[in-house]
Amino acid sequence: MIKLVVFDLDNVIIDGEAIDEIGKLMDVQDQIIEITEKAMQGDVDFETAIKERVKLLKGASIEDIKKISDEMPLMKGAEETIAALKEKGYKVATISGSFDIIADSIKEKLGLDYAFSNTLLEEDGILTGEVEGPLVEGSKFEVLSKLVEDENITLEECVAVGDGANDISMIEAVKLGIAFNAKPALKEIADKVIETRDLTEIITLLENETNPVEDKKDSTKVEGNLDNAMDLKDEYEKKLSKISEEREQFNQQAKKYREIRDELNNSLKENLNVAIDFRDKRNKINEEVEKNKKLRDKANEELKKMEWSSGRRDRMKIENEIKKIDKIIETRVLDIKKENKLVKDANDLRKKLMEIQEDEGVQEEAQELKATSESYHAKVVELSEKAQEYHESMLEYFRKTDEIRTNADEAHQKFLEAKNNASEKHENFKSVLGEIHKVNKQLGGMRSKRRDMESRASRKKDREEKEKAEEIYRRFKEGKKVSTEEILLLQKHNIV
């Protein structure tokens, strides 16, 4: 059960870096930002970073800093989030390497239960360039451990929210460590990561944490010491590297087939456009074919009418009658009377035929119409052949289009297969990365405990050395001789 939620201050509860804003008073913000970035990335230890930055602030006015404190904007959702956490009964604290002149103001404004920070030293309202406090030499883990002890709770009942490398010690140690718009070094070991600059995301996250869905998967638990944990981490990292390589191979395959597919689709469009162009040309020529057919047929109709109106009909009728009589005479056996009569009828018809003459003007006009009809027909033939050529070219490009589409579909299918395989490997990658994260979390706890033990041992040693140095100094004042080693010890603890 969660009982305490601890926040970093800068870029978490407040939307900005307080020391950067103070640096503007002395026109040293660029140097401060550079040092801050190194510290947040874990490239410079926090004690060195804070002391170097505060030296740059020497000469700044406390009154001006108070104005900055009053004007520092809160992170989006800060008020709502703190109020919601308090309403749920959680204690809320901020542990920050920033300064009490800022932190105490935020504590009062938001109703925080605790605010731990450092103090800027000043004389007559002006900064001396020095700083002191629990977070100059000590870690956030040490401050949190003391707070947990005072509250009579455990680290398993705590949530920590931070954004930089100096938050790692407390993020590692608690039940739920949240990286809020954080640097990569912190994201790697955090349990949850929030990328939006909105603190209300934490409320939803905590609700899910306090009402978790049952996880049936086995959780990685490191048995043994730090070396065992490191060996397990190495094993997972090798596995992760292999999966990453396989995922990259599938991604490269997907990329290759996507490029082939896209190239084929472009070719398909080009071929389709050519086919459509041939179709349009064919259709346009066919329109000309139909136009010339109509003109030809019209000329033929006029020619036919002209031929019938010029006596041709009568001539053809008489010629047909003569042919019938001639055929009867040739094919039948007739008596002489009937045969003579048929011969006489045929001769009379021939005389009549000789009397029928076609009009010469009509004949000339008919010849012109016939020539016109033949001209239109020739165009019909020529254009039809051209249209047929375009039609065959169109069919050829449509066939090519079908072939290209088939190849493009095959490439797309291979692209999907490679993409799905890459996605599957990515899920495996995330799974193994999650196991590494669990190991990192446990490693962090082990390291935090070890650092705490080392820190306690170091402080104990310092106290014993200081007590020894004070005893040496007391004897020295009484006239006792002091060795070189003892002089160095006195100097180390600023006794002389």
Presence of salt bridge, Glu157 and Lys175, under 4.0 angstrom: no

Rounded distance (nearest 0.5 Å) linking atom OG of Ser96 with atom CG of Asn11: 10.0 Å

Short side-chain donor-acceptor distance under 3.5 Å, Ser117 and Asp100: no

Backbone N/O of Leu199 and side chain of Thr81: donor-acceptor pair under 3.5 Å: yes

Lys/Arg-Asp/Glu bridge criterion (N-O < 4.0 Å) met for Asp113, Lys86: yes

ring-ring contact (aromatic ring centres under 6.0 Å, His included) against Tyr397, all qualifying residues, sequence neighbours excluded: Phe278

Phe415 six-ring centre to Arg258 NZ/CZ under 6.0 Å and within 45° of normal: no

Pi-cation contact, Phe398 with Lys400 (under 6.0 Å, within 45°): no

Ser69 (side chain) donor-acceptor with Ile101 (main chain) under 3.5 angstrom: yes

Sidechain N-carboxylate O distance under 4.0 Å for Asp402, Arg405: yes

Heavy atoms from other residues, nucleotides or ligands near CG of Asn152 exceed 12 (cutoff 6.0 Å): no

Salt bridge flag under 4.0 Å for residues Asp20 and Lys24: no

No-hydrogen, no-angle side-chain donor-acceptor test under 3.5 Å, Asp198 and Thr200: yes

For Ser483, side chain to side chain donor-acceptor pair (under 3.5 Å) partners two or more places apart: Glu486

Glu195 side chain to Asn181 side chain, donor-acceptor N/O pair below 3.5 angstrom: no

Donor-acceptor contact present, side-chain Thr94 to main-chain Phe7, <3.5 Å: yes

Cationic N near anionic O, under 4.0 Å, Glu63 to Lys67: no

Which residues share a side chain to side chain donor-acceptor pair (under 3.5 Å) with Arg474, sequence neighbours left out: Glu471, Glu478

By side chain to side chain donor-acceptor pair (under 3.5 Å) - contacts of Lys107 (at least two apart): none

Distance-minimising heavy-atom pair for Leu264 and Ala411: CD1-CB, 4.4 Å

Asp15 and Lys76 ion-paired at < 4.0 Å: no

Ser393: side chain to side chain donor-acceptor pair (under 3.5 Å) partners, not counting sequence neighbours: none

Heavy-atom neighbours of Glu235 CD exceed 12 at 6.0 Å: no

Residue pairs, two or more places apart or on separate chains, that pass side-chain hydrogen bond (donor to acceptor under 3.5 Å, both in side chains) and touch residues 413-424: none

Crowding at CD, Gln388 (>12 non-hydrogen neighbours, <6.0 Å): yes

Exceeds 12 heavy-atom contacts within 6.0 angstrom, atom CD of Gln253: yes

Check: Ser431 side chain, Glu427 main-chain N or O, donor-acceptor pair, under 3.5 Å: no

